[in-house]
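Here is the structure we will look at, set down as C-alpha coordinates.
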Amino acid sequence: MTTQREIAASLGLPVHPPKSEIFDLGAGTNTDPKGVVREVAEFRREPFGLYLRRAMPGHPKLSALESWLLPELDLRITRWEYHPGHTCDGDHYVDVARVEPGSERWRTTDLYLDVLVTEGRDARLLDVDEFVRAVRAELLDEATSELAMRTACGVVEGLARHDYRMDEWLRSRGVELSWSARSERDPAIRSSAVPPNR
(Lines give C-alpha, C1' and ligand atoms only; values in the text may rest on other atoms or scores of the structure.)
Protein backbone atom coordinates (compact mmCIF):
# COMPACT_ATOMS: atom_id res chain seq x y z
CA MET A 1 0.00 0.00 0.00
CA THR A 2 1.24 3.50 -0.79
CA THR A 3 1.74 5.65 2.30
CA GLN A 4 0.79 9.31 2.60
CA ARG A 5 4.47 10.21 2.71
CA GLU A 6 5.09 8.24 -0.52
CA ILE A 7 2.20 10.01 -2.25
CA ALA A 8 3.61 13.39 -1.26
CA ALA A 9 7.10 12.39 -2.40
CA SER A 10 5.82 11.12 -5.75
CA LEU A 11 4.20 14.49 -6.37
CA GLY A 12 7.35 16.33 -5.37
CA LEU A 13 5.56 17.89 -2.42
CA PRO A 14 7.67 18.41 0.71
CA VAL A 15 4.79 17.98 3.14
CA HIS A 16 4.33 15.72 6.13
CA PRO A 17 1.23 13.63 6.88
CA PRO A 18 -1.11 15.14 9.50
CA LYS A 19 0.64 15.25 12.87
CA SER A 20 -0.99 13.52 15.84
CA GLU A 21 -0.41 13.93 19.56
CA ILE A 22 -1.58 11.86 22.52
CA PHE A 23 -2.49 13.33 25.90
CA ASP A 24 -2.56 10.63 28.59
CA LEU A 25 -4.29 11.95 31.69
CA GLY A 26 -3.64 8.83 33.77
CA ALA A 27 0.08 8.81 33.03
CA GLY A 28 0.35 12.62 33.09
CA THR A 29 2.12 12.70 29.71
CA ASN A 30 1.99 14.26 26.24
CA THR A 31 3.35 12.21 23.32
CA ASP A 32 4.35 14.45 20.43
CA PRO A 33 4.13 13.59 16.70
CA LYS A 34 7.66 12.12 16.76
CA GLY A 35 6.79 9.79 19.64
CA VAL A 36 8.65 11.78 22.30
CA VAL A 37 6.88 11.47 25.66
CA ARG A 38 6.91 14.53 27.93
CA GLU A 39 5.63 14.99 31.46
CA VAL A 40 2.61 17.26 31.84
CA ALA A 41 2.54 19.45 34.96
CA GLU A 42 -1.22 19.94 34.89
CA PHE A 43 -4.28 18.57 33.14
CA ARG A 44 -7.66 20.15 33.81
CA ARG A 45 -10.98 19.10 32.31
CA GLU A 46 -13.90 21.39 31.62
CA PRO A 47 -17.18 20.49 29.88
CA PHE A 48 -15.90 22.18 26.71
CA GLY A 49 -12.33 20.87 26.65
CA LEU A 50 -9.01 19.92 28.22
CA TYR A 51 -6.29 22.23 29.56
CA LEU A 52 -2.66 21.18 29.80
CA ARG A 53 0.54 22.82 30.91
CA ARG A 54 4.02 21.43 30.55
CA ALA A 55 7.59 22.65 30.87
CA MET A 56 10.01 22.67 27.95
CA PRO A 57 13.29 21.77 29.68
CA GLY A 58 16.43 22.52 27.74
CA HIS A 59 14.72 24.72 25.17
CA PRO A 60 16.83 27.83 24.47
CA LYS A 61 13.87 30.22 24.19
CA LEU A 62 10.75 28.59 25.61
CA SER A 63 10.19 27.70 29.24
CA ALA A 64 6.68 26.24 29.01
CA LEU A 65 3.52 25.92 26.99
CA GLU A 66 -0.10 25.77 27.95
CA SER A 67 -2.91 24.70 25.64
CA TRP A 68 -6.65 24.18 25.53
CA LEU A 69 -8.02 21.34 23.40
CA LEU A 70 -11.53 22.22 22.24
CA PRO A 71 -13.24 19.26 20.49
CA GLU A 72 -16.48 20.99 19.50
CA LEU A 73 -14.56 23.84 17.86
CA ASP A 74 -11.83 21.62 16.27
CA LEU A 75 -9.16 23.83 17.84
CA ARG A 76 -6.08 23.76 20.01
CA ILE A 77 -5.27 27.17 21.50
CA THR A 78 -1.75 27.63 22.87
CA ARG A 79 0.22 30.24 24.77
CA TRP A 80 3.99 29.96 25.03
CA GLU A 81 6.12 31.17 27.93
CA TYR A 82 9.53 32.52 27.04
CA HIS A 83 12.67 32.68 29.10
CA PRO A 84 13.57 36.23 30.17
CA GLY A 85 15.04 38.16 27.26
CA HIS A 86 13.03 36.31 24.61
CA THR A 87 9.74 37.57 23.22
CA CYS A 88 7.61 37.18 20.14
CA ASP A 89 4.65 38.90 18.50
CA GLY A 90 1.24 37.41 19.11
CA ASP A 91 -0.72 36.27 22.12
CA HIS A 92 -2.43 33.05 21.07
CA TYR A 93 -1.51 30.38 18.55
CA VAL A 94 -4.52 28.49 17.23
CA ASP A 95 -4.10 25.10 15.56
CA VAL A 96 -7.01 23.81 13.50
CA ALA A 97 -7.16 20.18 14.62
CA ARG A 98 -9.42 17.21 15.11
CA VAL A 99 -9.66 16.75 18.86
CA GLU A 100 -10.76 13.32 20.06
CA PRO A 101 -11.60 13.27 23.77
CA GLY A 102 -11.43 10.15 25.89
CA SER A 103 -11.84 9.14 29.50
CA GLU A 104 -8.06 8.86 30.02
CA ARG A 105 -6.48 9.62 26.63
CA TRP A 106 -7.12 12.52 24.28
CA ARG A 107 -5.77 12.70 20.74
CA THR A 108 -5.30 15.61 18.33
CA THR A 109 -4.68 15.47 14.60
CA ASP A 110 -3.33 18.71 13.18
CA LEU A 111 -5.05 19.90 9.99
CA TYR A 112 -2.20 22.20 8.87
CA LEU A 113 -3.96 25.58 9.12
CA ASP A 114 -3.09 27.87 12.02
CA VAL A 115 -4.12 31.33 13.18
CA LEU A 116 -1.81 33.75 15.00
CA VAL A 117 -3.79 36.13 17.20
CA THR A 118 -2.48 39.44 18.47
CA GLU A 119 -4.96 40.50 21.10
CA GLY A 120 -7.01 43.54 20.12
CA ARG A 121 -5.13 43.94 16.84
CA ASP A 122 -5.38 41.12 14.28
CA ALA A 123 -5.61 37.45 13.43
CA ARG A 124 -3.39 36.03 10.69
CA LEU A 125 -4.09 32.79 8.87
CA LEU A 126 -0.86 30.78 8.58
CA ASP A 127 0.43 27.73 6.72
CA VAL A 128 -2.01 27.97 3.81
CA ASP A 129 0.77 26.83 1.45
CA GLU A 130 1.36 23.70 3.54
CA PHE A 131 -2.39 23.03 3.64
CA VAL A 132 -2.66 23.32 -0.17
CA ARG A 133 0.25 20.93 -0.65
CA ALA A 134 -1.35 18.45 1.74
CA VAL A 135 -4.65 18.63 -0.12
CA ARG A 136 -2.89 18.14 -3.48
CA ALA A 137 -1.06 15.15 -2.03
CA GLU A 138 -4.40 13.72 -0.84
CA LEU A 139 -3.22 13.70 2.76
CA LEU A 140 -6.64 15.11 3.68
CA ASP A 141 -9.91 13.91 2.21
CA GLU A 142 -12.41 16.37 0.78
CA ALA A 143 -14.62 16.53 3.88
CA THR A 144 -11.67 17.07 6.22
CA SER A 145 -10.15 19.71 3.94
CA GLU A 146 -13.42 21.62 3.88
CA LEU A 147 -13.77 21.32 7.67
CA ALA A 148 -10.25 22.70 8.15
CA MET A 149 -10.79 25.68 5.86
CA ARG A 150 -14.23 26.51 7.28
CA THR A 151 -12.87 26.25 10.82
CA ALA A 152 -9.87 28.50 10.13
CA CYS A 153 -11.99 31.12 8.36
CA GLY A 154 -14.55 30.94 11.17
CA VAL A 155 -11.83 31.69 13.73
CA VAL A 156 -10.61 34.75 11.81
CA GLU A 157 -14.14 36.01 11.16
CA GLY A 158 -15.27 35.41 14.75
CA LEU A 159 -12.26 37.20 16.17
CA ALA A 160 -12.78 40.14 13.81
CA ARG A 161 -16.37 40.48 15.04
CA HIS A 162 -15.09 40.66 18.61
CA ASP A 163 -12.28 43.17 17.95
CA TYR A 164 -9.70 40.37 18.04
CA ARG A 165 -10.43 39.63 21.70
CA MET A 166 -9.99 35.87 22.12
CA ASP A 167 -11.90 35.63 25.41
CA GLU A 168 -14.87 37.58 24.07
CA TRP A 169 -15.11 35.47 20.92
CA LEU A 170 -14.85 32.21 22.87
CA ARG A 171 -17.46 33.38 25.39
CA SER A 172 -19.84 33.89 22.47
CA ARG A 173 -19.25 30.19 21.69
CA GLY A 174 -19.91 29.10 25.28
CA VAL A 175 -16.24 28.63 26.19
CA GLU A 176 -14.50 30.31 29.13
CA LEU A 177 -10.75 29.67 29.21
CA SER A 178 -8.50 30.13 32.22
CA TRP A 179 -4.73 30.13 32.01
CA SER A 180 -1.87 29.54 34.42
CA ALA A 181 -1.82 31.95 37.35
CA ARG A 182 1.97 32.12 36.97
CA SER A 183 1.64 33.57 33.47
CA GLU A 184 -0.96 36.12 34.46
CA ARG A 185 0.78 37.53 37.54
CA ASP A 186 4.45 37.40 36.54
CA PRO A 187 5.29 40.31 34.21
CA ALA A 188 8.76 38.87 33.62
CA ILE A 189 7.24 35.98 31.68
CA ARG A 190 5.97 37.00 28.27
CA SER A 191 3.26 34.61 27.12
CA SER A 192 3.38 34.44 23.38
CA ALA A 193 2.03 32.47 20.52
CA VAL A 194 4.63 31.56 17.97
CA PRO A 195 7.11 28.82 18.74
CA PRO A 196 10.59 29.66 17.47
CA ASN A 197 11.96 27.92 14.38
CA ARG A 198 8.57 27.13 12.85
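Just so you know, these numbers come straight off a predicted model, no measurement behind them.
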(request) For Leu111 and Phe131, work out which heavy atoms get closest and say how close. (result) O-CD1, 3.8 Å
(message) Do Arg98 and Leu147 have side chains that approach each other closer than 4.5 Å (heavy atoms only, starting at C-beta)?
(response) yes
(request) Specify the closest pair of heavy atoms between Asp110 and Ala97, including all atoms of both residues, with the distance to one decimal. (result) CA-CB, 4.1 Å
(message) What verdict does the side-chain contact (heavy atoms from CB on, under 4.5 Å) test give for Arg54 and Thr29, after you've listed the backbone C-alpha separation in whole Å, the side-chain angles of each residue and the deciding distance to 0.1 Å?
(response) CA-CA 9 Å; Arg54 68 172 176 81; Thr29 60; over 6 Å; no
(message) Which residues pass the side-chain hydrogen bond (donor to acceptor under 3.5 Å, both in side chains) test with Ser67, not counting sequence neighbours?
(response) Arg76, Thr78
(request) State the OG1-CG distance between Thr151 and Leu113, to the nearest 0.5 angstrom. (result) 9.0 Å
(request) Kindly give the heavy-atom pair with the smallest separation between Leu140 and Ser145, and that separation in Å. (result) CB-OG, 3.4 Å
(message) Any heavy-atom pair between the side chains of Asp24 and Thr31 that's under 4.5 Å?
(response) no
(request) Run the numbers on Arg38 and Glu21 for salt bridge (charged side-chain N to carboxylate O under 4.0 Å, His left out), then give the verdict. (result) CA-CA 11 Å; Arg38 296 185 171 91; Glu21 290 191 51; over 6 Å; no
(request) Name the orientation class of the two ring planes belonging to Trp68 and Trp179 (parallel below 30°, tilted from 30 to 60°, perpendicular beyond 60°). (result) perpendicular
(request) List the atom of Pro71, the atom of Gly49, and the distance in Å for their closest heavy-atom pair. (result) CD-CA, 4.0 Å
(message) Please give me the minimum heavy-atom distance between His59 and Leu62, naming the atom from each residue.
(response) ND1-N, 3.0 Å
(request) Measure from the ring center of Tyr112 to the ring center of His16 and say whether it is less than 6.0 Å. (result) yes
(message) Hydrophobic clusters here meaning ILVMFWY residues chained together by side-chain heavy-atom distances under 4.5 Å, can you tell me if Ile22 and Trp106 are in one?
(response) no
(request) First locate atom CD of Glu119, then atom OH of Tyr164, and finally report the distance between them rounded to the nearest 0.5 Å. (result) 12.0 Å
(request) With sequence neighbours excluded, give me every salt bridge (charged side-chain N to carboxylate O under 4.0 Å, His left out) pair touching residues 155-174. (result) Glu157-Arg161, Arg171-Glu176
(request) For the pair Glu81 (side chain) and Ala64 (backbone), establish whether a donor and an acceptor sit closer than 3.5 Å, ignoring hydrogens and angles. (result) no
(message) Quick test of your reading of the model: are Glu66 and Arg44 salt-bridged, counting only N-O distances below 4.0 Å?
(response) no
(message) Let me confirm one number: the CG-CZ distance from Asp91 to Arg79, rounded to the nearest 0.5 Å.
(response) 8.0 Å
(message) Are the side chains of Tyr93 and Ile77 in contact, using a 4.5 Å heavy-atom criterion?
(response) no
(request) Please name the pair of heavy atoms, one in Val115 and one in Ala123, separated by the smallest distance, quoted to 0.1 Å. (result) CG1-CB, 3.9 Å
(request) Begin with the C-alpha distance, continue with both residues' side-chain angles, and end with the deciding distance and a verdict on side-chain contact (heavy atoms from CB on, under 4.5 Å) for Leu65 and Leu52. (result) CA-CA 8 Å; Leu65 69 78; Leu52 68 125; 4.2 Å; yes
(request) Only counting residues at least two apart or in another chain, list the ones meeting side-chain hydrogen bond (donor to acceptor under 3.5 Å, both in side chains) with Glu146. (result) Arg150
(message) Nearest 0.5 angstrom please: Leu75 CG to Asp114 CG, how far?
(response) 10.5 Å
(request) Flag yes if Leu50 and Val37 sit in one hydrophobic cluster, no otherwise; membership is Ile, Leu, Val, Met, Phe, Trp, Tyr, and two members link when side-chain heavy atoms are under 4.5 Å apart. (result) no
(request) To the nearest 0.5 angstrom, please state how far the SG atom of Cys153 sits from the CG atom of Leu125. (result) 6.5 Å
(request) Determine the interplanar angle of the Phe43 and Phe23 rings, folded into 0 to 90°, and report it as parallel if under 30°, tilted if 30 to 60°, perpendicular if over 60°. (result) perpendicular
(message) Are Thr109 and Lys19 packed together at the side-chain level, in the sense that at least one heavy-atom pair is separated by less than 4.5 angstrom?
(response) no
(request) Answer yes or no: is there a donor N or O on one side and an acceptor on the other, between the side chain of Asp127 and the main chain of Glu130, under 3.5 Å? (result) no
(message) Once rounded to the nearest 0.5 Å, what's the spacing between atom CH2 of Trp80 and atom CE of Met56?
(response) 5.0 Å
(message) Looking at Glu142, I want to see if its CD is surrounded by more than 12 non-hydrogen atoms of other residues, nucleotides or ligands under 6.0 Å.
(response) no
(message) Go through it in stages, so that I can follow the logic: the residues are Tyr51 and Leu177, the test is side-chain contact (heavy atoms from CB on, under 4.5 Å), and I'd like the CA-CA distance, side-chain angles, deciding distance and then a yes or no.
(response) CA-CA 9 Å; Tyr51 169 84; Leu177 301 187; over 6 Å; no
(request) Step through the shown structure and confirm whether more than 12 heavy atoms of other residues, nucleotides or ligands are within 6.0 Å of CD on Glu72. (result) no
